[in-house]
Each structure stands twice: as C-alpha cells, then as structure tokens.
Amino acid sequence: APAESVDALVEQLSGIETLAADFRQERRDAQGQVRRESAGRFVLRRPGQFFWRYETPYVQELIANDGTLWVYEPDLRQASRSPLAATEGAPIAILTGERPVDEVFRIRHLESEGGLSWFALRPRAEEGDFREVLLGVDDRGIREMRFIDQLDQTTRVTFESRRFNQPVDESRFRFEAPEGVDVVEAREPPAIQ
Amino acid sequence: CASLLGTPPSEPASDAQLAAWESHEQSLESMSDWAFDGRAAVRSGVTGGSVQLEWTQVGTVTSLELAGPFDTGRLAMTGTADHMLLTDGNGNRRVTDRPEALLEEQTGWRIPLSTLPRWVRGLPSDSLEALESDEYRLDDQGRLLSFTDEGWEVEYDRYREIGRFALPHFVELRHDGMRIRIAVHAWDVGQGRQ
C-alpha cells in the first residue's frame, strides 16, 4: 500500500537510488488558468545527479553532476553552468537531494485520494521559491508533485512509465557543450533585495 | 562569435524591397495588443543565463515574466520603460522609474526595455528612413534581416506568417559586451487594429 505516514514517505523517498520516467508538467496561475504545459523525460541518480529534458514546447536540458547544474538551450545555442545548490529549494531537490527530505521540509500526511496518498511539505527555510509542495505517492513510489509558489501559481508534474532503481548509464549525467554553443557562468536568479 | 547570418556586403535595398517593406511595416505598426511566449539567453562577458520569457504588450504597457530553471527565480515586471512594478518569486515588490537600470543592477544584464517592443517584432525604434542605407538589410519580401539602431546590432531569423503579420521567431541583439538571443515559441497577435 502507498506510504501512509511521514516516516513511511521519508523511507520510500530515501529508498530511491535511481528513477527514470516521462513527465508532464502544467502550470496554473492563481485563478487556475493553465499558463504553460510542457513534457519530457528524465533520469536521476541520488544523490545529486539528474538528466532532465524538456521536449515540448521547446527542448531544454538540465543536467546535474558533481555539484554543477548545466542548463542547455539548443535553440538559443547557449549552455549555462551554475552551482547545483542554487536549486536547493527547487522541487527536483526532493528527488535528488542529499539531505533526508524531512530535514529540508516539514511534512504532514494529508489523505488518500485518486489512488494516491498525499503529503504536504513546507520548506523549513523561510526564503524559497515555493510555499508548499504536495507529493502524491502510490505503492510503487512518487507519482505526482504540485508546487505552490508565493504568488499562488501551481506547477503540477506527473510521472509516467516510472522505472525505479534500474541500472543507469552514467554518461547521461556528463555534459559536453556541442560545437558553436556559447558556454556562460550563470548568476543567481534575479530577486529583488 | 560569428554573427547569425554572416554579413555579406550590404548593398542598399532595392525599390522593390523598400516597397515591400512599406506594407510590411504598416501591418506591424497596426499591432496594438500582442504577446509572445519564448525563451531568452543573455550573455555579458563570461556570465549569462537563460530564462523562460512571457511578454504581453497592451498599447504601451509591457508585462513580462521571467523564470529560471524549474520555474525558480520568477520575476514579473509590468509598466512602461519609465515606470515599472517588479515582483519577484518571493512576493517582494518594487516600483521604479528606471527599470532598465534596476534590472541591470539585479541581474547584470542590460535589457533595452524601451525599444524591445518594436525590435522584437522586426521594427526599428523610429523608422527605416532614420537609418543609413548601409545600416540595415531587408530580405526579398521587404522584412528586416538585420540593422544597427541606437548602438545595438539586431538580427532576425525564422520569419513566419501569424495571421496577417510576418513575425520573426528568432532575434539576436548585441551591444558592447552584451548579447541577447530570443527564440519565440508562439506569437499571439489578437486582431491588431483593423
């Protein structure tokens, strides 16, 4: 049965060594209007390694390895490099983070709905991009994530054809900028002090 | 880096091209409310970044939303080039009469907010007549391929018909050490002024 307690969730998440899946992502504004839909696939290996590829509406690859996050934009012929810690608050850190999830988030078990057991996670750190993250898990593991940001916009990511703890090709996590691509050092994302 | 289209010697535009430009320009000038969804990559020296970019223009009022990887670092800006409200992902808000300067302070990037609403559609900041004949190149359908305007070099690619407007889906702008590339994924042109 899906995890029904916080401890069961923490155990299930830390039991993920690798995960490969397709994803669909949908962002809605505070009024519930769909603002953006995207889809793609990813493979990750804990801790700290992932290859996240958006395929629609445009191709973008986010590759994390030994503490570095690469963002590669083929259409813009640019790749930027930044410290992975910059996405510490980002939801991907729930799946690939080194620290146990209940150290980074305060977790409450909500209820089961739609065949999923739901949990609410609130970042313990004050300043963060997301006010709350909802996780839906089934008996195999994580199935859906919803992030609510400070402006009440909700991003929903649903995983399909999930493959947990299968062997993963290490080279997926190494990034080589192709010929003609500008490589830049990324600065902190813009925020108003 | 080499410019997008290479720069063959730019002979002055032919009369046919200029005539085609006239009607093309008139259609673009009739666009009052429009929007696009795309991505932008900026580079300033060795630093830079790429963002998801949603731009909405209602008359002279610009509203744009930038977001970094995984929708982190969201920044919303709305107003005109001399008066804008900025809201970041944490809900901090700030009004400024110098949005270009504030954006440069925050991100290190010089973004020409006052002229981009025209440049991103393939229009010069004033008019073609205001430019020297060797400062711009038109394609054979009279649309701008590249020009130098207010110190910026601007180049266009991937023009496509959107309703009755021909709009670029790739723009590169360069000024001193600053380079901006915008890849437009979708234009929304409403009806434009009839």
Side-chain angles (χ1 to χ4, degrees), chain A residues 25 27 29 35-36 38 50 52 54 56-64 69-82 84 86-93 126-131 147 149-155 157 180-193, chain B residues 1-2 4 37-54 56 65-77 85-96 102-109 111 157-158 169-172 179-186:
Chain A
Q25 182 172 319
R27 183 164 62 83
D29 60 25
R35 293 288 299 277
R36 169 178 305 282
S38 48
F50 59 76
W52 187 283
Y54 285 98
T56 60
Y58 15 74
V59 173
Q60 179 196 40
E61 288 180 354
L62 300 120
I63 299 146
L69 169 68
W70 285 94
V71 177
Y72 171 43
E73 308 259 2
D75 213 11
L76 295 165
R77 288 186 286 113
Q78 179 164 313
S80 58
R81 175 181 29 208
S82 62
L84 183 58
T87 60
E88 177 54 45
I92 187 78
E126 272 331 309
E127 283 288 324
D129 284 288
F130 296 97
R131 190 160 47 83
F147 332 119
D149 70 14
Q150 315 288 2
L151 308 171
D152 275 339
Q153 301 193 49
T154 303
T155 300
V157 185
V181 169
D182 288 348
V183 176
V184 297
E185 298 295 327
R187 293 173 59 112
E188 270 301 303
I192 303 169
Q193 280 78 20
Chain B
C1 62
L4 189 67
D37 170 15
R39 300 193 62 73
V42 291
R43 185 174 114 175
S44 172
V46 290
T47 64
S50 53
V51 288
Q52 176 196 306
L53 172 59
E54 285 165 30
T56 304
E65 256 193 66
L66 311 169
F70 297 115
D71 279 350
T72 59
R74 185 165 286 282
L75 181 67
M77 302 172 66
L85 165 68
L86 279 75
T87 311
D88 72 12
N90 298 322
N92 302 321
R93 303 160 72 89
R94 185 159 167 187
V95 177
T96 173
L102 182 64
L103 203 53
E104 186 167 4
E105 222 179 87
Q106 299 283 337
T107 62
W109 305 338
I111 311 291
D157 198 1
R158 304 182 202 155
H169 287 68
F170 188 93
V171 188
E172 176 161 322
R179 186 267 287 138
I180 303 168
R181 283 184 187 137
I182 298 173
V184 175
H185 160 54

Peer 1: In terms of heavy-atom pairs under 4.5 Å, which option from A/Gln153, A/Arg35, A/Gln78 contacts chain B the most?
Peer 2: A/Gln78
Peer 1: Under 4.5 Å from any heavy atom of chain B, what part of A/Arg81 do you find: side chain, backbone, both or neither?
Peer 2: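 Answer is neither: A/Arg81 stays 4.5 Å or more from chain B.
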Peer 1: So, do A/Phe147 and A/Val157 sit near enough that their side-chain heavy atoms are less than 4.5 Å apart?
Peer 2: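 SC-SC contact between A/Phe147 and A/Val157 confirmed.
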Peer 1: Side chain, backbone, both or neither: which part of A/Tyr54 has a heavy atom under 4.5 Å from chain B?
Peer 2: side chain
Peer 1: Could you give the distance from OG (B/Ser44) to CD (B/Glu104), rounded to the nearest 0.5 Å?
Peer 2: 7.5 Å
Peer 1: Below 4.5 Å, heavy-atom pairs only: which of B/Gly91, B/Ser50, B/Gly45, B/Ala186 has the largest tally toward chain A?
Peer 2: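 Top count of heavy-atom pairs under 4.5 Å with chain A: B/Ser50.
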Peer 1: Quick check for you: among A/Arg36, A/Glu73, A/Gln25, A/Arg131, which has the greatest number of heavy-atom pairs under 4.5 Å with chain B?
Peer 2: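 So the answer, after comparing A/Arg36, A/Glu73, A/Gln25, A/Arg131, is A/Arg36.
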Peer 1: So, for A/Asp75 and B/Phe170, which heavy atoms are closest and what is the spacing to 0.1 Å?
Peer 2: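 Nearest pair, atom of A/Asp75 first, then B/Phe170: O-CE1, 3.4 Å.
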Peer 1: Heavy-atom distances under 4.5 Å only: say whether B/Ala40 touches chain A with side chain, backbone, both or neither.
Peer 2: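 Backbone of B/Ala40 only, per the 4.5 Å heavy-atom cut-off to chain A.
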Peer 1: If I compare all heavy atoms of B/Ile182 with all of A/Leu76, which pair ends up nearest, and what's the gap?
Peer 2: C-CD2, 4.1 Å
Peer 1: Can you see which heavy atom on A/Ser82 is nearest to which on A/Ala186, and at what distance?
Peer 2: CB-CB, 3.7 Å
